[in-house]
Amino acid sequence: MTNSTGTTNGKVRSALVIGGGIAGTVTAMALQRAGVEATIFEAYDGPADEVGGGMGLAPNGFQAFDAIGVGDAIRAVSTEMNGIVLQSWNGKKLAEFGTLPDIDPTRFVIRAELFRTLREAAEERGVTTVHGKRIVDASEDADGVTARFEDGGTATADVLIGADGLRSTVRRLIDPTAPAPQFAGTAGFGAMVADAGVAPTDGMMHMTFGKRCFFAWQVFADGTGIWFINLPVAQPLPVNEQRERGGAYWLGHLAKVCEGDATPAKRMLAATDPKAMLFAGSTENMPRSVRWSRGRMVLTGDAAHAPSSSSGQGASLAAESSVELARCLRDLPLPQALARYEELRRPRVERIIKETARTNARKAAGPVARVIRDALLPMMFKLMKPEKNAWQFQYPIDFDAPVA
């Protein structure tokens, strides 16, 4: 398969987007709006509609989604979180954060619903996705870049964009010495529950630093609820290993882990259908030393920068970067476009990754560290001014504005 290549004044006209997940789909739609012909090449044989757990979508993420006209569709499949209540294992409230003034609330969405919504929007816009195309190599010359796939096929365009996630092949093609993702010390589990058996939480997400795990839950007015757990583990626990043991095993194990904590974990886990369990695998961060581009190849989303799920910013940052990359490729010639993209994005994402590392350390705290944490956090939160964190949730994108 071959895409047309050629540039006008050095600007990109065509792109190969490697990876058909959230970042890849947003990138392709943003490029299409920017006037760049983009085709998605996905390694899986079909859409991964049932992969992943739940996630928070921050208001800054919606600013990126709105920039390409998909924000309202995603709002329709997500639920508002009016704030967060943090508490210790014994039920003591450590802090409460409401929505900051003039900032929309974070919303919760099941990853499969988010992906399905984005995929359908891309299909409606005529974006082509080719499945069963696992990239193995790439070469470039003055006229373009050619991707070679495992099945022997090739595709050529002006630029190749790696949106292929934490274990990105494109990252390795850009830099064979690129660091691997760093294990953050926990594994994620979650589910939606039809009848939580717990009082509604009035739009608040409750999060508990338990004795042996981190448990969070929200219950809606109709009695449905959502929960997720970050379980400290000594070694990485991939999604396939979680699935092999099955939902019933993990529900029983997690119920024991949550024993003794003042949370509704026991009731909500008991009300969970084992088949409805969502497995998120290990929490991981991308090191900040990753090289983002070389020649006609560039990274976006988790392939470039992946704060762990504790940040609540993974999908939102991916959407921001994907939209900004499209704007840079629209307005600037290579290689200036890729350099400007990195200048716009790297300082922000690395700052958020740094902040998230502190959160992960609190979740995986041992017995002594847990006592110190629970003693110090209330004081820290009293001294903290929530508005100082507003920078994370404000990233307006004027898609039509030219990139300097």
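Only heavy atoms go into these numbers, but all of them, side chains included; no hydrogens, no water, no symmetry mates.
The list of salt bridge (Lys or Arg N to Asp or Glu O under 4.0 Å) pairs with a residue in residues 261-273, not counting sequence neighbours, is empty. Sorted by first and then second residue, the pairs that involve residues 321-341 and meet salt bridge (Lys or Arg N to Asp or Glu O under 4.0 Å), not counting sequence neighbours, are E324-R327, R340-E343. For the ring-ring contact (aromatic ring centres under 6.0 Å, His included) condition, the pairs that include at least one residue of residues 60-88, sequence neighbours left out, are F62-F65.
Take F183 and apply the ring pair (Phe, Tyr, Trp, His ring centres under 6.0 Å) test, not counting sequence neighbours, and it matches no residue. By the ring pair (Phe, Tyr, Trp, His ring centres under 6.0 Å) test, Y249 pairs with H253, sequence neighbours left out. Under the rule for a side-chain contact (heavy atoms from CB on, under 4.5 Å), the partners of P274 that lie at least two apart in sequence or sit in another chain are A248, L251. By the side chain to side chain donor-acceptor pair (under 3.5 Å) test, R148 is found to be paired with D137, S139, residues two or more places apart in sequence or in another chain being considered. Residues passing the ring pair (Phe, Tyr, Trp, His ring centres under 6.0 Å) test with F149 are F41, sequence neighbours excluded. Looking at residues two or more places apart in sequence or on another chain, you find a ring pair (Phe, Tyr, Trp, His ring centres under 6.0 Å) between W217 and H206, F215. Partners of Q242 by side chain to side chain donor-acceptor pair (under 3.5 Å), not counting sequence neighbours: none found. When the side chain to side chain donor-acceptor pair (under 3.5 Å) test is applied to D302, no partner is found at least two apart in sequence or on another chain. For S282, the side chain to side chain donor-acceptor pair (under 3.5 Å) test picks out no residue, with sequence neighbours left out.
Annotation: the span from K133 atom NZ to E42 atom CD amounts to 13.0 Å, rounded to 0.5 Å. In this structure, CE on M55 lies 6.0 Å from CZ on R111, to the nearest 0.5 angstrom.
Checked for salt-bridge contact, R116 and E113 meet the test: a charged N lies under 4.0 Å from a carboxylate O.
Taking the ring centre of W292 as origin, the terminal cationic atom of R345 falls outside the region bounded by 6.0 Å and 45° from the ring axis.
Between the side chains of T283 and T186, a donor-acceptor pair is found at a separation under 3.5 Å. Using modelled atom types and a 3.5 Å distance limit, the side chains of D104 and Q63 yield no donor-acceptor pair.
Contact check for L325 versus L338: side-chain heavy atoms found under the 4.5 Å cut-off.
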